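Structure first, commentary second.
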Number of protein chains: 2
Amino acid sequence: MTHTIKDVAKLAGVGIATVSRVINQNGYVSPDTAKRVMKAMAELDFTPSPLARGLVSRKTATIGLVIPDVANPFFAEVARGTEDAAIAKGFTVILCNSDWKAEREKMYSKLLRQKWAEGVIAVGSRSSESSLRELIDPLPMVFVDRFTMLPGSDSVWSDNKKGGLLATQHLIDMGCRKLAHISGPTHSPASIARQKGFLLGIKEANVSWEIVKGDFRYRSGYDAGMELLTRDVPPDGIFAGNDLMAVGILQAAASLHIRIPDDLLVIGYDNIAMAEYVAPPLSTVDQPAYEMGRIAFDMLHKKMQDETRESRNVREFEPLLILRESTNRK
Amino acid sequence: MTHTIKDVAKLAGVGIATVSRVINQNGYVSPDTAKRVMKAMAELDFTPSPLARGLVSRKTATIGLVIPDVANPFFAEVARGTEDAAIAKGFTVILCNSDWKAEREKMYSKLLRQKWAEGVIAVGSRSSESSLRELIDPLPMVFVDRFTMLPGSDSVWSDNKKGGLLATQHLIDMGCRKLAHISGPTHSPASIARQKGFLLGIKEANVSWEIVKGDFRYRSGYDAGMELLTRDVPPDGIFAGNDLMAVGILQAAASLHIRIPDDLLVIGYDNIAMAEYVAPPLSTVDQPAYEMGRIAFDMLHKKMQDETRESRNVREFEPLLILRESTNRK
DNA sequence: GTGAAAGCGCTAACAA
DNA sequence: TTGTTAGCGCTTTCAC
């Protein structure tokens with residue numbers, strides 16, 4: 001059914017090495033024979049087998065995308081970004097949902113290495129540095145939303161601590177005196193950093209505060225909101241670890257007839273598409289998910305070409321406060 | 001670094017064929033040598049190269065998932081379902097965002113065939129039957145959210161037309177007299193079917209109606225809502241082609257101070273996680289996305305084992321009306 | 001039961 | 001400039 005390099009060689013009346021040369025555009029081939037070979041390839045609708053090719057050249061044009069959960073809009077956007085960038089370069093991406101679990105990350109890293117993926121992009125990875133090193137071993141890798149000092153691995157991230165600080169300060173600037181923070185999963189480095197930012201902001205001001213644990217999912221924001229807002233003295237400002245949870249808080253407030261921003265200010269993180277359209281529109285800290293995905297792939301691609309692989313590039317995005325109704329106190 | 005079958009053979013003091021036999025558990029191997037080989041494999045931490053293996057056996061333990069857009073929560077859930085099911089069987093999934101574009105679907109189908117994917121799951125595919133046939137050609141395939149009469153291809157779906165009818169009738173039952181439907185992209189078969197259901201429901205009742213085109217994204221629901229609800233005589237019931245757009249309508253209504261369900265009833269489709277938590281909680285038609293993804297993979301897996309591949313299995317889910325506040329008129 | 005050898009489709013020396 | 005040949009790591013006859 002599909003043809004091999006041999007068929008092409010025979011049809012073009014040349015040796016298989018010559019065909020290989022025109023496929024890979026390396027070595028010397030006279031323009032004339034090249035043309036004949038191309039014609040033969042076209043005629044047979046020939047495409048070289050990546051399997052055979054990979055076997056000898058160790059190149060598979062495949063990368064792994066290790067992500068906590070595609071069902072989270074932020075990660076989904078990142079995934080779209082890398083996928084679009086990858087396909088543009090002829091690369092294929094293997095989807096790996098880690099569910100925030102270190103074992104799953106390990107399992108995948110093994111699988112990817114075994115399948116000869118050429119590189120991996122790890123988003124919001126939970127693994128500790130040492131297991132990352134193991135994970136990474138032979139493959140070039142770039143981290144998204146996770147800073148790393150590991151030599152030879154790139155990262156694209158934004159300073160989540162700073163972002164958390166920005167959000168917190170904004171709440172304080174707007175007059176909040178009793179703050180709450182809904183944190184993300186404890187194994188998310190981004191979540192931890194945002195929380196640190198929160199604590200930093202708190203320390204400088206004379207306000208009371210508390211932290212409730214969430215998991216980055218809508219529901220946990222809603223639940224946390226319900227709990228916090230039914231207290232005797234509810235907070236007057238909430239910084240949620242991500243937008244999804246912030247929206248949950250908005251809904252909890254709505255069902256409790258607590259008005260935003262009159263009685264309560266809410267700010268999220270990520271600036272997902274939804275943030276602009278919820279009621280009231282949500283203030284947040286911007287992270288350009290799609291863009292980050294694209295850039296992560298481009299960095300990886302560059303690194304895959306590079307023999308030495310010793311560079312350690314970091315692309316940092318500035319956390320940007322996006323102010324909308326939800327923190328717009330008159 | 002990684003070891004080959006040869007190393008194992010040498011260490012175990014046997015031939016490579018024997019090693020191959022114990023890997024694949026076929027052919028005769030004495031329990032004794034088998035044990036020795038296993039020990040050697042363990043000792044070397046050996047895993048066979050899928051590349052070499054695939055080259056000879058045509059098996060890659062890889063499938064393609066062609067999906068319009070992972071950034072859509074419904075599709076993301078389906079993706080999680082198939083990924084979870086796939087990894088459980090040792091399969092790897094290649095992510096293919098088609099963006100609803102037929103060319104992209106074609107491009108991917110070519111790529112997947114070329115890379116020796118063993119099967120593909122196509123979700124909400126837009127391709128016409130004929131190009132599907134071409135797409136499908138050598139590979140087993142299952143369609144999700146897209147019914148097909150193509151021989152040899154399975155599908156898992158729910159009757160979207162019926163679901164659309166259900167939603168529409170519910171609105172009418174609740175006393176709506178001026179209905180609107182926000183449709184999904186015209187190239188989505190599911191969207192078309194839901195719209196048909198809407199028209200069917202309309203025909204039986206004596207109500208006025210109209211259809212506004214959307215694209216299944218949040219923003220288009222919001223925009224459509226803004227347009228419809230600022231008319232002189234706005235509709236009193238809206239059936240959105242999916243939940244994401246329905247939530248957009250909710251927000252549009254909120255910002256226009258239109259009360260739901262007092263002044264307007266809204267119903268969506270899909271029953272995504274968010275639907276339960278928006279304000280007010282959204283009535284919708286249930287489609288078990290995650291489950292559908294799982295089942296799609298299981299069907300595909302079965303078909304991949306099957307030599308003949310001639311069966312045509314269909315797994316249908318009953319569209320289920322989920323009633324919440326957004327259509328709960330007193 | 002087990003090993004030697006051929007070959008999957010390709011790339012990369014090495015000759016010519 | 002081009003063809004021949006030796007593998008890449010594995011599966012699978014076919015002898016023994």
Side-chain angles (χ1 to χ4, degrees), chain A residues 1-41 44-62 90 111 113-118 138 307, chain B residues 1-41 44-62 90 111 113-118 138 307:
Chain A
M1 70 188 178
T2 45
H3 295 277
T4 79
I5 205 177
K6 254 186 183 164
D7 303 320
V8 178
K10 198 184 300 170
L11 184 61
V14 300
I16 62 167
T18 304
V19 178
S20 175
R21 283 187 194 103
V22 347
I23 291 172
N24 298 288
Q25 317 214 46
N26 62 13
Y28 295 93
V29 176
S30 82
D32 202 54
T33 38
K35 213 168 296 170
R36 281 212 329 277
V37 171
M38 308 250 264
K39 187 154 156 270
M41 294 204 303
L44 296 175
D45 190 28
F46 166 85
T47 35
S49 154
L51 246 41
R53 214 167 195 197
L55 186 57
V56 18
S57 71
R58 269 82 222 282
K59 295 215 180 318
T60 52
T62 298
L111 191 79
R113 225 159 42 202
Q114 209 199 295
K115 288 215 170 180
W116 293 101
E118 291 188 55
E307 289 306 306
Chain B
M1 69 192 179
T2 44
H3 294 278
T4 77
I5 205 176
K6 253 185 183 165
D7 303 321
V8 179
K10 199 183 299 170
L11 183 61
V14 299
I16 61 167
T18 304
V19 178
S20 175
R21 284 188 195 104
V22 348
I23 292 173
N24 299 287
Q25 317 214 46
N26 61 13
Y28 293 94
V29 175
S30 80
D32 203 52
T33 38
K35 213 169 293 171
R36 284 213 326 281
V37 171
M38 309 251 264
K39 187 153 156 269
M41 297 205 300
L44 296 176
D45 191 25
F46 166 84
T47 36
S49 154
L51 244 42
R53 214 168 196 200
L55 187 56
V56 18
S57 71
R58 269 83 223 279
K59 295 217 181 315
T60 53
T62 298
L111 190 80
R113 227 160 39 202
Q114 211 198 293
K115 288 214 170 178
W116 294 101
E118 291 187 56
E307 288 306 307

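Fair warning: this is a prediction, and the values are worked out from it, not measured in the lab. Per chain, numbering begins at 1; letters A, B, ... match sequence-line order.
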Specify the separation, in whole Å, of atom CZ of B/R58 and atom P of D/dT12.
-> 12 Å

Residue set satisfying side-chain hydrogen bond (donor to acceptor under 3.5 Å, both in side chains) with A/S49, at least two apart, ordered chain then number -> none

Round to the nearest Å and state the distance from A/Q114 atom CD to D/dG9 atom C1'.
-> 13 Å

Taking all heavy atoms of B/I5 and all of B/F46, pick out the closest pair and write down the distance.
-> N-CE1, 3.5 Å

How many Å lie between CG on B/L51 and P on D/dT11, as a whole number?
-> 13 Å

Between atom CE in A/M41 and atom P in C/dC10, what is the gap in whole Å?
-> 11 Å

What donor-acceptor contacts under 3.5 angstrom involve side-chain atoms of residues 9-23 of chain A, with partners at least two apart or in another chain?
residue: A/S20; atom: OG; partner: A/N24; partner atom: ND2; Å: 3.4

Here the distance between atom P of D/dG9 and atom NZ of B/K10, to the nearest Å, is 13 Å

Do nucleotides 11-16 of chain C as a string where each nucleotide becomes B, S or -: B if the base has a protein heavy atom under 4.0 Å, S if just the sugar-phosphate does, - if no protein is that close.
-> BBB---

Could you list the residues that satisfy side chain to side chain contact (heavy atoms under 4.5 Å, CB included) with B/T47, not counting sequence neighbours?
-> A/Q114

Applying side chain to side chain contact (heavy atoms under 4.5 Å, CB included), name anything that partners B/T62, two or more places apart in sequence or on another chain.
-> A/K115, B/T60, B/T92, B/I94

Only counting residues at least two apart or in another chain, list the ones meeting side chain to side chain contact (heavy atoms under 4.5 Å, CB included) with A/A34.
-> A/V29

What's the NZ-C1' distance between B/K59 and C/dC8, to the nearest Å?
-> 14 Å

Pick the nucleotide of DNA chain C nearest each of A/L55 and B/Y28; which residue has the one closer to the 5' end?
-> B/Y28

Does A/K59 reach the side chain of A/E118, with side-chain heavy atoms less than 4.5 Å apart?
-> yes

Taking atom P of D/dT5 as reference, at what distance in whole Å does atom NZ of A/K6 sit?
-> 12 Å

Please give, in whole Å, the distance from C/dG9 P to B/W116 CH2?
-> 7 Å

Among all residues two or more places apart in sequence or in another chain, which pass the side-chain hydrogen bond (donor to acceptor under 3.5 Å, both in side chains) test with B/S30?
-> B/T33

Rounding to 10 degrees, work out the angle separating the end axes of the helix from C/dG1-D/dC16 to C/dA16-D/dT1 (five pairs an end).
-> 40°

Does B/S49 place a side-chain N or O at less than 4.0 Å from the phosphate oxygens OP1/OP2 of D/dC10?
-> no

Side-chain N or O of B/T33 closer than 4.0 Å to phosphate OP1/OP2 of C/dG1 | no

